[in-house]
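Take a look at the structure set out below.
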Number of protein chains: 2
Amino acid sequence: MNIPNRPATIADVARQAGVSIATVSRVLNGTTRVIPETAERVQDAIRALNYVPRTAARVLASRRTNTLGLLLPEISGAFFSSMLRGIEAAARGAGFDLLIHTTGEPRHALPHARLPLGEHNTDGLLAFTASLENEEITRLYSIGLPLVLMHQTFTGCEIPTITIENKSGAAHIVAHLIEAHGRRRIVFLRGPESHEDSAWRERGYCEALETHGLQVDPALISLGGFQRETAQAAIQDLLARDVAFDAVFSGDDEAALGVLTALQAAGVAVPQEVSVVGFDDIPFAPFLSPPLTTVRAPIEQVGSEAVKQLVRLIRGERADLLTLLPTEMVIRNSCGCT
Amino acid sequence: MNIPNRPATIADVARQAGVSIATVSRVLNGTTRVIPETAERVQDAIRALNYVPRTAARVLASRRTNTLGLLLPEISGAFFSSMLRGIEAAARGAGFDLLIHTTGEPRHALPHARLPLGEHNTDGLLAFTASLENEEITRLYSIGLPLVLMHQTFTGCEIPTITIENKSGAAHIVAHLIEAHGRRRIVFLRGPESHEDSAWRERGYCEALETHGLQVDPALISLGGFQRETAQAAIQDLLARDVAFDAVFSGDDEAALGVLTALQAAGVAVPQEVSVVGFDDIPFAPFLSPPLTTVRAPIEQVGSEAVKQLVRLIRGERADLLTLLPTEMVIRNSCGCT
DNA sequence: GTTTGTCCTGAAAGCGCTTACATGGATTAT
DNA sequence: ATAATCCATGTAAGCGCTTTCAGGACAAAC
């Protein structure tokens with residue numbers, strides 16, 4: 001193996017193959033027909049010199065980055081890894097690289113700090129939940145940067161959005177609690193405030209109650225934050241204040257963990273005394289005790305679908321403005337079924 | 001907000017501020033002192049034009065990509081998301097972007113396909129487990145591309161490696177099974193063949209047995225593959241063949257899920273009849289039933305440490321050739337402790 | 001034989017930056 | 001006062017590609 005001091009450039013290849021750099025570029029990109037014999041010589045030279053085109057030079061010259069940006073509020077949990085899996089596979093399938101950035105919590109500290117991802121280094125952006133401020137969405141949209149939102153809607157601009165059937169999923173599982181298990185005082189734990197999924201799930205919860213002639217009792221609605229600890233504290237608080245309830249719809253599966261922990265610590269039998277259900281169907285749901293009844297969200301598919309729409313946008317094709325993926329109730333034991 | 005047809009370039013800023021592009025570049029990068037008053041004018045122009053430097057142009061001109069590449073065999077599970085979290089945060093902290101690529105399973109299909117990550121678009125590479133073939137490692141090393149390996153050692157080249165105390169962690173937990181719970185016939189489930197972690201854990205398992213005067217019985221060593229399904233099948237097979245055992249060290253936590261499933265399905269009481277322990281301490285370990293005794297691996301820290309070493313290499317500083325992070329036994333109930 | 005196409009290839013102009021190197025005014029030493 | 005030194009800034013040469021345009025070769029058509 002030769003150890004060139006400086007890696008080969010397109011000029012080296014051209015020289016070695018006895019052609020111009022334009023021709024090398026053409027066989028590299030297949031933009032124009034090249035006599036097969038010449039192309040062969042170029043390919044040989046490429047192999048011989050171990051030539052790899054410099055991405056930056058290509059990007060600069062072609063004004064296309066071939067890169068997708070992914071913006072997330074945070075990286076954690078099983079939810080995230082499913083989504084990334086879908087995104088990464090789809091992006092690669094479409095020939096794009098993936099640049100990832102988490103916006104983190106203290107975003108408001110630097111309100112106008114420039115995002116490290118944007119029009120200058122990506123062909124398009126995927127934004128999950130509240131990772132992008134409205135103002136920034138508007139700006140990016142106005143300069144024509146392709147944008148796709150996941151689990152978040154934005155009115156005013158025509159931005160493709162991928163989300164899931166939160167409301168009906170939630171309504172189904174709450175209805176199940178009422179119909180199959182006769183529960184009447186069902187706690188709902190909200191997710192983070194900015195989280196649209198949570199708002200829709202709450203709406204589904206309310207609708208299911210009303211459909212069955214039950215009042216929505218504000219005392220039964222509390223903050224779970226889609227987090228184990230927050231949910232645990234919420235249930236402990238309810239217990240401490242002697243609020244009566246016979247079921248908990250925990251907002252998501254992560255929060256269900258906290259709910260189960262709090263209930264078990266308090267000696268409340270699940271599901272005999274209190275039913276517990278979640279949302280998402282993360283991989284561990286079947287392994288909780290009791291195995292968690294929940295709503296399956298096609299998370300990986302959200303990721304791949306988002307990439308699909310974004311790529312369409314980048315190619316100047318029409319994209320679907322709203323993709324609503326179906327959810328499905330998964331009955332296990334924590335609701336009371338056996 | 002103005003909607004420029006073409007985004008501003010450094011030349012536009014220079015014109016607006018009445019300076020040369022070199023001066024703009026200098027205030028952008030802080031490479032040379034610039035009269036504060038001039039700098040201020042430039043900053044104003046930048047803001048006014050909504051200027052963002054094009055990454056590609058910078059990369060091309062400076063010959064630094066400011067990007068780290070991450071190579072993974074796959075994206076899945078809680079393990080991965082902890083690691084990525086550590087990596088992403090550290091990379092950003094050091095001012096680098098992150099490009100991710102999963103090599104996937106069928107790598108041998110295209111033995112010489114060029115990796116999409118390498119010397120042409122990253123300043124350095126992070127490789128996890130078996131994501132890089134030896135030949136490619138050698139090539140990258142020989143051309144001087146900074147490289148850091150995680151959970152994988154490579155002899156012959158001086159490449160910094162980050163890994164964890166697999167052997168002693170495994171030895172401790174197996175010793176605990178023997179000493180505290182009197183177990184003698186302990187099953188060990190191997191991980192994937194190429195996985196070094198697995199080999200070290202097996203070594204720890206063997207040493208612990210020998211230290212306590214127990215024979216290593218090959219019949220008790222089986223393949224768990226660090227996967228739920230594989231582990232489940234392995235235990236079912238052991239049960240079907242009536243191999244007697246009173247404990248299972250499942251290789252990792254993911255496999256422990258399969259073990260618990262198989263055991264429970266067969267009506268074997270855990271931990272009364274059989275103790276089960278894992279490795280990693282993924283976030284769900286406390287929520288299994290029974291809560292899983294395991295070994296805590298500082299996964300997030302592996303990621304951040306790897307970035308730290310890689311950045312040192314990139315800066316031309318000396319890096320530590322081997323970073324061995326400590327593990328710690330976490331006693332819960334699945335071993336028999338209460 | 002000249003003209004008109006058709007193909008393939010080469011020349012060269014950027015893409016938007018960074019970074020020697022040059023310049024010239026202000027400051028200090030002689 | 002003159003020369004030496006500094007500093008802040010400008011000039012311009014690339015970085016390694018893509019892409020437009022032009023040109024040469026050759027075949028078919030007039």
Side-chain angles (χ1 to χ4, degrees), chain A residues 4-43 45-46 49-67 95 97 114 118-123, chain B residues 4-43 45-46 49-67 95 97 114 118-123:
Chain A
N5 232 350
R6 296 237 329 301
T9 71
I10 198 172
D12 298 323
V13 175
R15 197 174 316 117
Q16 167 111 3
V19 297
S20 72
I21 62 167
T23 299
V24 176
S25 174
R26 287 193 264 259
V27 347
L28 239 30
N29 301 295
T31 41
T32 309
R33 235 190 87 79
V34 171
I35 294 275
E37 190 180 287
T38 312
E40 191 59 45
R41 274 215 318 288
V42 172
Q43 295 288 11
I46 290 176
L49 298 174
N50 224 314
Y51 168 69
V52 186
R54 231 63 84 245
T55 307
R58 282 184 119 137
V59 168
L60 187 56
S62 68
R63 302 141 144 302
R64 272 176 272 109
T65 68
N66 244 281
T67 299
D97 279 338
R114 178 80 46 216
E119 67 277 21
H120 55 294
N121 59 357
T122 59
D123 288 344
Chain B
N5 230 352
R6 294 239 330 301
T9 71
I10 198 172
D12 298 323
V13 175
R15 194 174 318 119
Q16 167 112 3
V19 297
S20 73
I21 61 169
T23 299
V24 177
S25 174
R26 288 193 264 259
V27 347
L28 240 30
N29 301 295
T31 42
T32 310
R33 234 191 89 80
V34 170
I35 295 277
E37 190 180 287
T38 313
E40 191 59 45
R41 273 216 317 287
V42 172
Q43 295 286 12
I46 289 176
L49 298 174
N50 225 312
Y51 168 70
V52 187
R54 233 63 86 241
T55 308
R58 281 182 119 139
V59 168
L60 187 58
S62 67
R63 302 144 141 300
R64 273 177 270 107
T65 67
N66 245 280
T67 299
D97 279 338
R114 176 84 44 220
E119 66 275 23
H120 56 293
N121 60 357
T122 60
D123 288 346

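Chain letters run A, B, ... following the sequence lines, proteins first and then strands; every chain starts at 1. Side chains are part of it too, since the values below use all heavy atoms of this structure and drop only hydrogens, waters and symmetry mates.
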On a heavy-atom basis, the closest approach of B:Ala14 and B:Ser20 is CB-C, 3.7 Å

So, is [X] near the phosphate of [N], with a side-chain N or O under 4.0 Å from OP1 or OP2?
| X | N | answer |
| --- | --- | --- |
| A:Thr38 | C:dT9 | yes |
| A:Arg33 | C:dC7 | no |
| B:Ser20 | D:dT11 | no |
| A:Ser62 | D:dC17 | no |
| B:Thr23 | D:dG10 | yes |
| B:Arg54 | D:dC15 | no |

By nearest-nucleotide position on DNA chain D, the 5'-leaning member of A:Ala61 and B:Val34 is B:Val34

Please give, in whole Å, the distance from [N] [atom2] to [X] [atom1]?
| X | N | atom1 | atom2 | answer |
| --- | --- | --- | --- | --- |
| B:Asn66 | C:dC17 | CG | P | 15 Å |
| A:Leu60 | D:dT18 | CG | C1' | 10 Å |
| B:Arg58 | D:dC17 | CZ | C1' | 20 Å |
| B:Ile21 | D:dG10 | CD1 | P | 11 Å |

task = With heavy atoms under 4.0 Å as the rule, sort A:Ser25 into base, sugar-phosphate or nothing.
result = base

Within the structure shown, what part of the strands sits under 4.0 Å from A:Val59 by heavy-atom distance: base, sugar-phosphate, or nothing? nothing

Sorted by position of nearest nucleotide on DNA chain C, 5' first, the leading residue of B:Arg26 and B:Ala57 is B:Ala57

Between the base of C:dG16 and the side chain of A:Arg63, is there a donor and acceptor pair under 3.5 angstrom?
no

